[in-house]
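Have a look at the structure below before the remarks.
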Amino acid sequence: MSTRTDFYAGEGVRAQWIGSLQFACHPDNLLKDFHGRETLTAIAPSRYRAAVDELLMMWAVRGLGAAHEPRHGWPWAWDTSHCNDWIITFLGGPGGGVHMTAGGGDYWHRLDPDDPRPPLECGPPNFAAWLRDPGAPPAVALPVYRPPSTQPTDYARLLWGEP
């Protein structure tokens, strides 16, 4: 079974997907890798994004697994990260920094840059409900991936039939 980790900047439906790793990319393994540690301990959004870019490049170059950059499109057969093992993002504001959750996790866990250990429990609180619908509440809100060529959904037209 392969491990899948998706990286974002921000949270909720406005989060930006900035890449994914596949194979051996459990946070414990990332912490053993220089570029993985740089990503998980970043203290500024610009440093986090640069570290993710370096991690994606080096993961593939060193043969550690597959790395998926946004320019190549969404790599998964499903349209959100809720079905993946780990979801990592950088959140700004008070208490900001690198945060993570597991697929179906119901809240973000902030990683301490000085001691960045993944939480022992951060998966779905109700595993049976998660199996039925991985993105349903209380899972953290994540965007649905749409290829860049896809027109945005006009929800007003769908809901109220406005032209």
Ring pair (Phe, Tyr, Trp, His ring centres under 6.0 Å) against [X], all qualifying residues, sequence neighbours excluded:
{"X": "Trp130", "answer": "Phe127"}
{"X": "Tyr48", "answer": "Phe90"}
{"X": "Trp59", "answer": "none"}

Discussion item. Going by the rule salt bridge (charged side-chain N to carboxylate O under 4.0 Å, His left out), which residues pair with Arg47 if we only count those two or more places apart in sequence or in a different chain?
Written reply: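 Partners of Arg47 by the salt bridge (charged side-chain N to carboxylate O under 4.0 Å, His left out) criterion, ordered by chain and then number, come out as Glu38, Glu54.
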Worksheet entry | Residues which pass salt bridge (charged side-chain N to carboxylate O under 4.0 Å, His left out) with Asp114, listed by chain and number, not counting sequence neighbours | none
Measuring from atom [atom1] of [X] to atom [atom2] of [Y], what distance do you get when rounded to the nearest 0.5 angstrom?
{"X": "Ile43", "Y": "Leu111", "atom1": "CD1", "atom2": "CG", "result": "14.0 Å"}
{"X": "Ile87", "Y": "Leu142", "atom1": "CD1", "atom2": "CG", "result": "5.0 Å"}
{"X": "His35", "Y": "Leu64", "atom1": "NE2", "atom2": "CG", "result": "10.0 Å"}
{"X": "Leu31", "Y": "Leu40", "atom1": "CG", "atom2": "CG", "result": "5.0 Å"}
{"X": "Ser2", "Y": "Asp85", "atom1": "OG", "atom2": "CG", "result": "7.0 Å"}

Item to complete: Please report the closest heavy-atom contact between His82 and Ala139, naming both atoms and the distance.
Response: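 In this case the closest contact between His82 and Ala139 is CD2-CB, 3.7 Å.
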Practice prompt. Mind listing the closest non-hydrogen atom pair of Leu21 and Ala67 along with its distance?
Written response: CD2-CB, 3.9 Å
Practice prompt. Begin from the C-alpha positions of Ser81 and Trp74 and carry the test side-chain contact (heavy atoms from CB on, under 4.5 Å) through to its verdict.
Written response: CA-CA 10 Å; Ser81 295; Trp74 183 250; 3.6 Å; yes
Item to complete: Could you give me the CA-CA distance, side-chain angles and deciding distance for Thr39 and Asp33, then say whether side-chain contact (heavy atoms from CB on, under 4.5 Å) is met?
Response: CA-CA 10 Å; Thr39 297; Asp33 177 82; over 6 Å; no
Practice prompt. In sequence, state the C-alpha distance, the side-chain angles, and the governing distance for Thr5 and Asn84, and then conclude on side-chain contact (heavy atoms from CB on, under 4.5 Å).
Written response: CA-CA 7 Å; Thr5 300; Asn84 288 346; over 6 Å; no
Worksheet entry | Qualifying residues under side chain to side chain contact (heavy atoms under 4.5 Å, CB included), relative to Arg49, sequence neighbours excluded |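 So Arg49 forms a side chain to side chain contact (heavy atoms under 4.5 Å, CB included) with Ala9, Gln16, Ile18.
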Discussion item. The criterion is side chain to side chain donor-acceptor pair (under 3.5 Å); which residues satisfy it with Thr41, sequence neighbours excluded?
Written reply: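 Scan of Thr41 (side chain to side chain donor-acceptor pair (under 3.5 Å), adjacent residues dropped) gives none.
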Discussion item. Could you see if Leu91 belongs to whatever hydrophobic cluster contains Trp17? Use Ile, Leu, Val, Met, Phe, Trp, Tyr and a side-chain cutoff under 4.5 Å.
Written reply: yes
Worksheet item: Any chain of hydrophobic side-chain contacts (each under 4.5 Å) joining Val140 to Trp76?
Response: yes
Discussion item. For the CZ atom on Arg117, are there more than 12 heavy atoms of other groups (residues, nucleotides or ligands in this structure) within a distance under 6.0 Å?
Written reply: no
Practice prompt. With sequence neighbours excluded, give me every salt bridge (Lys or Arg N to Asp or Glu O under 4.0 Å) pair touching residues 69-78.
Written response: Glu69-Arg71
Practice prompt. Could you name each residue pair satisfying salt bridge (Lys or Arg N to Asp or Glu O under 4.0 Å) that touches residues 10-23, not counting sequence neighbours?
Written response: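 For residues 10-23, and leaving out neighbouring residues, there are no salt bridge (Lys or Arg N to Asp or Glu O under 4.0 Å) pairs at all.
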Fill in: Hydrophobic cluster of Phe34, others only, ordered by chain and residue number, side-chain cut-off 4.5 Å
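Besides Phe34, the cluster holds no residue at all.
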Fill in: Under 4.5 Å side-chain linkage, directly or through intermediates, the cluster mates of Val61
Met57, Met58
Worksheet item: Is any side-chain heavy atom of Val98 less than 4.5 Å from a side-chain heavy atom of Pro113?
Response: no
Worksheet entry | NZ/NE/NH1/NH2 to OD/OE distance under 4.0 Å, Arg4 and Asp6 |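 Looking at Asp6 together with Arg4, the answer is no, because their closest N to O distance does not fall below 4.0 Å.
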Fill in: From CA spacing to verdict: side-chain contact (heavy atoms from CB on, under 4.5 Å), Leu30, Trp86
CA-CA 11 Å; Leu30 295 178; Trp86 296 97; over 6 Å; no
N/O donor-acceptor pairs under 3.5 Å from side chains in residues 99-106, not counting sequence neighbours:
residue : atom : partner : partner atom : Å
His99   : ND1  : Gly97   : O            : 2.9
His99   : NE2  : Gly95   : O            : 3.4
Thr101  : OG1  : Tyr107  : O            : 3.2
Thr101  : OG1  : Cys122  : O            : 3.4

